[in-house]
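All chains are named by letter (A, B, ...) in the order of the sequence lines, taking the proteins before the strands, and each is independently numbered beginning at 1.
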Amino acid sequence: MLLPMENVRVRFEPSPTGSVHIGTARAALFNWLYARKTGGRFILRIADTDRERNTQSALDEILRVLSWLGLDWDEGPEAGGEFGPYFQSQRGDIYREYLQKLEDAGRAYKKDGAIFFKLEGERYTEYDEYHKAEIEKVRTEPVVIEDLIRGKVTRREERDFVLVRSNGDPGFHFVNVVDDISMGITHVLRGEDHLSNTSKHLELYKAFGTPPPIFAHMPMILKDPKIGKGKMSKRDKGALIEEYQQRHFLSQAVVNFIALLGWSPKDGKEVLTIEELLERFEIKDIQKAGARFDDKKMSHLNFEYMKVLPICEYEKYARQALTSSNLIDENVDGEHLRGVLELCREKIDSFENLPAFSAYFFSEDYTINEKAFKKVWRREGARERLSEITPRLSDLDEWTESAIEYAFQQLANETGEKPFAWYPVVRFAVSGTNSGPDFLPMLKIMGKELVIRRINDRLASIN
RNA sequence: GUCCCGUUCGUCUAGUCAGGCCUAGGACACAGGGUUUUCAUCCCUGCAACAGGGGUUCGAAUCCCCUACGGGACGCCA
């Protein structure tokens with residue numbers, strides 16, 4: 001446990017310019033975990049200084065995603081707080097005040113209509129291979145970043161950078177530092193892509209004469225090697241949090257999954273509720289190397305949570321998934337639905353594939369599996385086997401598992417075979433596939449009428 | 001191109017800070033077997049890694065150096 005007197009204040013600073021990325025969500029989660037763990041404050045600050053690109057829907061999404069993940073904030077939009085406003089677009093007065101300090105100290109100057117920060121050191125010009133131009137540089141003293149994850153990182157900033165853009169809007173580095181100072185931020189936990197920005201930020205802290213917060217730079221989330229190289233981008237499958245909602249993933253599973261991207265608990269436990277994450281989370285245990293995204297791991301974790309989901313919750317998610325695939329509507333027979341779910345439960349690792357797995361229970365519009373067609377139906381004697389069993393099923397007075405089983409058993413006894421010999425062909429006839437839930441319970445749930453009808457249809461088809 | 005960060009099974013990682021307990025542990029994936037007389041569950045088994053090279057040391061995955069490779073930054077985006 002950490003010392004309470006530390007008075008931790010951490011912030012999450014998303015910009016409302018697009019969908020919430022998995023890396024963004026992880027930054028939110030790790031900051032939240034650290035705040036909750038230390039009894040500190042978790043602050044939500046909206047980085048909306050780029051007027052051109054901000055959208056209301058992006059802001060709405062950020063708030064929606066945070067609540068979906070269960071990350072509540074102590075200060076910020078909707079929550080308020082004494083360090084507001086929490087929208088950078090509304091903090092103009094504060095930025096002006098801080099800019100004045102830099103101007104007074106002779107550390108700001110105008111150029112091309114923008115205001116630049118002036119580094120200290122000898123100036124010279126040099127041809128820059130990257131910019132393909134002569135560029136003014138400054139021989140500055142190196143700064144040392146004390147990073148909780150990486151140790152000391154030494155870097156030198158060698159070019160003046162923009163404080164205020166020519167359109168009058170303050171720039172990222174400036175507002176970032178000013179806000180962290182004025183909001184009393186103690187720890188900055190962010191992505192490694194900011195590591196090279198940190199030297200700019202440290203120069204600013206020096207210029208303001210304010211001690212910097214403690215930094216910790218998390219590793220990047222990289223693409224699955226099968227998809228490509230480099231860091232995960234919005235376009236990659238699995239990169240957007242909203243996508244998981246749409247695919248009916250459980251939020252606890254998503255939280256668990258992103259927590260394991262670049263971090264792991266000392267005890268090796270992998271399936272962790274948010275409370276268990278809280279008990280174990282330590283910034284020091286965050287990995288240095290980039291973490292590769294693995295869709296399979298995501299599904300596996302989702303499955304773990306599906307297994308322990310209370311049945312009524314399970315039904316809720318299942319209804320959503322099945323409704324959005326137009327397989328059921330609110331008039332569905334609840335008992336039938338629950339019967340089907342009981343069969344599918346513990347068979348599928350995501351509600352996303354529940355519709356495909358169970359379509360034939362609800363609709364005539366289900367796919368015939370090609371492989372099963374060839375393997376089961378095209379096999380010698382398949383049609384005969386189906387014909388043999390059909391009258392025996394039709395004749396059943398009771399449609400129970402044991403009655404159905406008995407029908408198969410009797411036929412098997414007469415021919416000296418196992419009932420197993422008829423299962424696949426019947427399964428194929430009623431479901432169009434050779435895999436699925438437990439066979440007997442499945443027939444029972446489908447009901448005699450449907451089973452017989454599908455079998456007859458199959459028999460009647462010329463294929 | 002310059003600067004910064006990194007490198008343990010296919011993937012996530014434990015172990016690295018305090019060198020011997022590591023013939024390198026777990027999980028996902030994959031493969032094989034078993035159970036459930038189907039099956040995408042479940043159980044068992046297997047496969048599989050310290051990037052390479054130099055040092056230091058009685059001893060190195062662990063410390064140092066070099067090389068290679070990967071990642072990031074270099075915006076009047078954040």
Side-chain angles (χ1 to χ4, degrees), chain A residues 13-18 24 47-50 52-53 88 111-116 126-132 145 147 149-151 153-159 161-173 175-176 190-199 217 219-220 222 224-226 229-231 257 260-271 284-285 287-301 303 307 344-349 353 357 376 405 408-409 412 418-428 431 433-440 442:
Chain A
E13 185 189 61
S15 72
T17 53
T24 311
D48 57 350
T49 52
D50 188 346
E52 310 279 285
R53 304 198 304 154
Q88 292 178 329
K111 191 179 125 192
D112 305 329
I115 302 172
F116 281 73
E126 181 179 80
Y127 181 76
D128 188 277
E129 202 59 53
Y130 180 75
H131 293 95
K132 306 285 180 206
I145 304 161
D147 190 289
I149 296 166
R150 283 151 218 283
V153 177
T154 307
R155 231 187 91 85
R156 223 163 51 79
E157 202 54 46
E158 53 180 20
R159 291 183 65 205
F161 54 90
V162 170
L163 259 13
V164 180
R165 295 183 279 201
S166 52
N167 69 0
D169 290 339
F172 167 69
H173 304 295
V175 299
N176 187 276
R190 58 182 13 170
E192 192 190 342
D193 47 345
H194 284 293
L195 189 54
S196 40
N197 287 329
T198 307
S199 44
H217 290 92
M220 299 280 86
L222 274 16
D224 184 318
K226 288 186 277 284
K229 293 168 150 237
K231 68 172 171 178
F257 176 68
L260 259 17
L261 250 18
W263 173 82
S264 65
K266 282 287 165 233
D267 63 2
K269 191 168 193 287
E270 285 196 317
V271 182
K284 288 169 185 65
D285 295 339
Q287 198 76 7
K288 294 188 188 79
R292 227 127 219 153
F293 178 83
D294 183 4
D295 191 49
K296 294 262 179 58
K297 189 91 172 190
M298 175 70 246
S299 295
H300 169 253
L301 283 170
F303 186 38
K307 284 193 238 179
C344 302
R345 195 163 159 84
E346 306 216 345
K347 284 283 184 184
I348 52 169
D349 61 13
N353 43 41
F357 189 79
V376 179
E405 185 175 24
F408 280 95
Q409 187 62 55
K418 298 265 187 188
F420 162 71
W422 286 267
Y423 282 18
V425 70
V426 172
R427 176 189 288 277
F428 176 74
S431 73
T433 181
N434 61 342
S435 74
D438 291 342
F439 182 63
L440 268 0
M442 164 182 150

Problem - Intermediate values then yes/no, side chain to side chain contact (heavy atoms under 4.5 Å, CB included), A:Glu192 and A:Lys231 - result: CA-CA 11 Å; A:Glu192 192 190 342; A:Lys231 68 172 171 178; over 6 Å; no
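- Proximity note for A:Lys307 (side chain, C-beta onward) versus B:rG6, B:rA78, B:rU41: the nearest is B:rU41.
- Separating the CZ atom of A:Arg190 from the P atom of B:rC5 is a distance of 16 Å, rounded to the nearest angstrom.
- Within 6.0 Å of NZ in A:Lys226 there are 12 or fewer heavy atoms belonging to other residues, nucleotides or ligands.
- Across every non-hydrogen atom of A:Gln88 and A:Asp48, the tightest pair is N-OD1, 3.1 Å.
- The nucleotide whose nearest atom lies closest to any side-chain atom of A:Tyr423 is, among B:rU37, B:rA78, B:rA29, B:rU37.
- Within a 6.0 Å radius of NZ in A:Lys418, no more than 12 heavy atoms belonging to other residues, nucleotides or ligands are found.
- Only the P atoms considered, B:rG15 is 28 Å distant from B:rA73, to the nearest whole Å.
- Residue ring and base: A:Tyr130 counts as stacked with B:rC74 (centre distance below 5.5 Å, interplanar angle below 30°).
- As judged by a 4.0 angstrom heavy-atom cut-off over every strand, A:Ala291 is placed among residues touching the sugar-phosphate backbone only.
- For the P atom pair drawn from B:rA14 and B:rC66, the interatomic distance equals 26 Å after rounding to whole Å.
- Of all nucleotides present, only B:rG46 satisfies the Watson-Crick or G-U wobble test against B:rC30, with each distance under 3.5 Å.
- Taking CZ of A:Phe257 as the start and CG of A:Asp295 as the end, the distance is 7.5 Å to the nearest 0.5 Å.
- Here, B:rC65 and B:rC76 have their P atoms 35 Å apart, quoted to the whole Å.
- Separating the NZ atom of A:Lys132 from the C1' atom of B:rG1 is a distance of 7 Å, rounded to the nearest angstrom.
- Between A:Ala289 and A:Pro219 the shortest heavy-atom distance is O-CB, 3.0 Å.
- Backbone-only contact: A:Thr49 has heavy atoms under 4.0 Å from sugar-phosphate atoms and none from a base.
- Set against B:rU13, B:rC5, B:rG75, the side chain of A:Arg150 has B:rC5 as its closest nucleotide.
- Here B:rC76 presents its P atom at 14 Å from CG of A:Asp169, a figure rounded to the nearest Å.
- At whole-Å resolution of the value, CG in A:Asp128 and C1' in B:rG75 are 14 Å apart.
- Nucleotides B:rA51 and B:rA61 are separated by 12 Å at their C1' atoms, to the nearest Å.
- B:rA18 and B:rC30 are spaced 41 Å apart, taking the P atom of each and rounding to whole Å.
- In terms of modelled atom types and a separation under 3.5 Å, the side chain of A:Asp147 and the main chain of A:His217 share a donor-acceptor contact.
- Looking at the side chain of A:Lys297, the nearest of the listed nucleotides B:rC12, B:rC42, B:rC76 is B:rC12.
- Contacts of A:Lys226 with the nucleic acid, taken as non-hydrogen atoms under 4.0 Å apart, are absent.
- A donor-acceptor pair is defined here as one N or O able to donate and one able to accept, closer than 3.5 Å; no such pair exists between the side chain of A:Ser264 and the backbone of A:Leu260.
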Exercise for the section: Carefully, step by step, assess A:Tyr423 and A:Val426 under the rule side chain to side chain contact (heavy atoms under 4.5 Å, CB included). Expected result: CA-CA 5 Å; A:Tyr423 282 18; A:Val426 172; over 6 Å; no
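- The CG atom of A:Leu440 sits 8 Å away from the P atom of B:rU37 (whole-angstrom rounding).
- Across B:rC76, B:rG1, B:rA14, the shortest atom-to-atom separation from the side chain of A:Lys266 is found for B:rA14.
- Residue-level contact check: A:Gly191 touches neither bases nor backbone, having no heavy atom under 4.0 Å from any strand.
- In this entry the distance linking CD of A:Glu52 with P of B:rA78 reads 11 Å, nearest Å.
- The side chain of A:His131 contributes an N or O atom lying less than 4.0 Å from OP1 or OP2 of B:rG75.
- Salt-bridge formation is not detected for the pair A:Glu13/A:Arg190: no Lys NZ or Arg NE/NH1/NH2 atom is positioned less than 4.0 Å from an Asp or Glu carboxylate oxygen.
- Within the nucleic acid shown, A:Gly268 has no heavy atom closer than 4.0 Å to any nucleic acid atom.
- Only the C1' atoms considered, B:rC9 is 4 Å distant from B:rA49, to the nearest whole Å.
- Counting non-hydrogen atoms under 4.0 angstrom, A:Pro437 reaches a base of the nucleic acid.
- Residues A:His300 and A:Asp349 fail the side-chain proximity criterion, which asks for heavy atoms closer than 4.5 Å.
- With RNA chain B read from its 5' end, the first of the two nearest nucleotides for A:Glu405 and A:Val153 is the one closest to A:Val153.
- A 3.5 Å limit on both hydrogen-bonding distances identifies B:rA73 as the Watson-Crick or G-U partner of B:rU2.
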Completion exercise
Per-nucleotide protein contact along nucleotides 62-73 of chain B, 5' to 3', at a 4.0 Å heavy-atom cut-off (B base, S sugar-phosphate only, - neither), is --------SBSS
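- Closest contact between the side chain of A:Asp438 and the listed nucleotides B:rC39, B:rG1, B:rC76 involves B:rC39.
- Base pairing of B:rA51 is made with B:rU67, judged by Watson-Crick or G-U wobble geometry with both donor-acceptor distances under 3.5 Å.
- For the P atoms, the distance linking B:rA48 with B:rA24 amounts to 11 Å, nearest Å.
- Residue A:Glu346 is in sugar-phosphate contact alone, with no base atom involved, counting any heavy-atom pair closer than 4.0 Å across all strands shown.
- A:Ser264 comes within contact range of the sugar-phosphate backbone alone, with a heavy-atom separation under 4.0 Å but no base atom that close.
- The partner of B:rU16, taking Watson-Crick or G-U wobble pairs whose two distances both stay under 3.5 Å, does not exist in any strand shown.
- Between the CZ atom of A:Phe303 and the C1' atom of B:rA29 there is a distance of 15 Å, rounded to whole Å.
- Between the CD atom of A:Glu126 and the C1' atom of B:rC3 there is a distance of 12 Å, rounded to whole Å.
- On the C1' atoms, B:rA78 is 25 Å away from B:rG70, given to the nearest whole Å.
- Nucleic acid contact for A:Ile348: none, since no nucleic acid atom lies under 4.0 Å from a heavy atom of the residue.
- Looking at heavy-atom distances under 4.0 Å, A:Thr154 makes contact with sugar-phosphate atoms alone, never a base.
- Along RNA chain B, the nucleotide nearest to A:Pro419 and the one nearest to A:Arg53 differ in position, and the one closer to the 5' end is contacted by A:Pro419.
- For A:Gln88 and B:rA78, the shortest distance from a side-chain N or O to OP1 or OP2 is not below 4.0 Å.
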